[in-house]
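Worth knowing before you read on, the calculation uses all heavy atoms, side chains too, and leaves out hydrogens, waters and symmetry mates. Because the structure is predicted, anything quoted here is derived from the model rather than measured.
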Amino acid sequence: MNAPHKAYRTLFAALVSALLLASCSTAGPGRATRDSYSYWEKGAGAIEATAFMKVQVPEGATEVKGAVQVNPRENQYILTFRTDRTTAAQVAKDLRSEEPPAPWKSNPSPKSELFRHLGLAEPETLKGALWAGVCPPCVEDSRRRNVAWIEIYIENLDAGQARVYLHAF
């Protein structure tokens, strides 16, 4: 092979390689990307969590906190508040779980660390907490047709009070 053809082939290979690299680069400004990691959505809180979960924070509830964790597959919505035990039981009943909240065997190693973002212990680590979960579409809860799963933990506190933890995706 003569030198000019070899030089053209080398130049052509370099050009193709450069084009391939450019086409695989990250998106520029104005182009949509899908993050491959989780992050907490800035400014999203209890309002966004209640809107997604289709729940209402009970009147008189205190210490209301919420957040949205954006994930590549499905976002996680968390909500917590303090209320009286009777109201906490009503919130659980409104989820339409086939089983009422039952004692949860605490797990010192939680599967996730969602509520830590709000400055709270993970509910599955709490001794004596009650738990219930439900797949809203499975129980034909049309209010929550965009929710694949919602669960509630109820931590009994002093003086007839309870902390409610809700998690949905």
Side-chain angles (χ1 to χ4, degrees), residues 27 31-169:
R31 289 182 58 193
T33 63
R34 187 170 183 123
D35 291 325
S36 60
Y37 58 91
S38 301
Y39 63 92
W40 293 101
E41 188 173 323
K42 290 184 187 213
I47 292 171
E48 290 76 12
T50 57
F52 177 77
M53 295 178 191
K54 304 289 192 243
V55 297
Q56 291 184 345
V57 173
E59 191 173 318
T62 60
E63 301 175 26
V64 180
K65 299 178 183 181
V68 178
Q69 186 184 63
V70 178
N71 290 295
R73 291 185 181 218
E74 55 200 4
N75 295 345
Q76 307 287 319
Y77 295 80
I78 58 174
L79 176 69
T80 183
F81 52 86
R82 187 177 176 141
T83 188
D84 63 84
R85 290 181 187 170
T86 303
T87 303
Q90 272 306 121
V91 171
K93 185 176 180 181
D94 182 60
L95 298 181
R96 300 182 184 172
S97 175
E98 293 177 347
E99 300 291 328
W104 176 261
K105 184 177 178 184
S106 67
N107 179 358
S109 302
K111 62 183 176 193
S112 64
E113 294 187 355
L114 297 171
F115 288 91
R116 177 180 270 174
H117 177 72
L118 300 177
L120 298 168
E122 295 304 315
E124 59 262 40
T125 66
L126 302 172
K127 291 184 178 170
L130 301 175
W131 175 88
V134 65
C135 161
C138 301
V139 295
E140 298 179 8
D141 185 351
S142 61
R143 301 169 300 165
R144 297 184 179 100
R145 68 186 93 181
N146 294 327
V147 178
W149 180 258
I150 188 167
E151 61 187 5
I152 185 170
Y153 290 86
I154 301 172
E155 176 188 16
N156 288 321
L157 304 171
D158 56 355
Q161 292 286 297
R163 174 168 297 285
V164 172
Y165 297 80
L166 290 159
H167 170 223
F169 54 88

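In this structure, the side chains of Asp84 and Gln161 come closer than 4.5 Å at one or more pairs of heavy atoms. For the pair Pro103 and Leu130, the minimum side-chain heavy-atom distance is below 4.5 Å. With a 4.5 Å cut-off on side-chain heavy atoms, Ile78 and Gln69 do not count as touching.
Annotation: the span from Ile154 atom CD1 to Thr83 atom OG1 amounts to 10.0 Å, rounded to 0.5 Å. Asn75 CG to Tyr39 OH: the interatomic distance, rounded to the nearest 0.5 Å, is 7.5 Å.
Here the shortest heavy-atom pairing between Lys65 and Leu118 reads NZ-O, 3.0 Å. Of all heavy-atom pairs spanning Pro136 and Ile150, the tightest one is CG-CG2, 4.0 Å. In terms of heavy-atom proximity, Pro123 sits nearest to Tyr153 at CB-CG, 3.4 Å. Contact detail for Pro137 and Ala148: the closest heavy-atom pair is CD-O, 4.4 Å.
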(message) Before you tell me yes or no, could you show the steps for Leu114 and Trp40 under side chain to side chain contact (heavy atoms under 4.5 Å, CB included), namely the whole-Å CA-CA distance, both residues' side-chain angles and the distance that decides it to 0.1 Å?
(response) CA-CA 10 Å; Leu114 297 171; Trp40 293 101; 3.9 Å; yes
(request) Begin with the C-alpha distance, continue with both residues' side-chain angles, and end with the deciding distance and a verdict on side chain to side chain contact (heavy atoms under 4.5 Å, CB included) for Phe81 and Val91. (result) CA-CA 11 Å; Phe81 52 86; Val91 171; 4.2 Å; yes
Name each donor-acceptor pair under 3.5 Å that joins a side chain in residues 162-169 to protein atoms two or more places apart or in another chain, with its distance.
| from | atom 1 | to | atom 2 | distance (Å) |
| --- | --- | --- | --- | --- |
| Arg163 | NH1 | Thr80 | OG1 | 3.2 |
| Arg163 | NH2 | Glu63 | OE1 | 2.1 |
| Tyr165 | OH | Glu155 | OE1 | 3.3 |
| His167 | ND1 | Glu151 | OE2 | 3.2 |
| His167 | NE2 | Gln76 | OE1 | 2.4 |

Name every donor-acceptor pair, under 3.5 Å, that has one atom in a side chain of residues 44-58 and the other anywhere in the protein, sequence neighbours excluded.
| from | atom 1 | to | atom 2 | distance (Å) |
| --- | --- | --- | --- | --- |
| Glu48 | OE1 | Gly45 | N | 2.7 |
| Thr50 | OG1 | Ala46 | O | 3.0 |
| Thr50 | OG1 | Ile47 | O | 3.0 |
| Lys54 | NZ | Ala51 | O | 3.1 |

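Surrounding CZ of Arg143 are more than 12 heavy atoms belonging to other residues, nucleotides or ligands, all under 6.0 Å away.
Looking only at distances, a side-chain donor or acceptor of Arg85 sits under 3.5 Å from a matching main-chain atom of Leu157. A distance-only check finds no donor-acceptor pair linking the side chain of Asn71 to the backbone of Arg73 [under 3.5 Å].
Here salt bridge (Lys or Arg N to Asp or Glu O under 4.0 Å) pairs that include residues 113-123, with residues two or more places apart or in two chains, are Glu113-Arg116.
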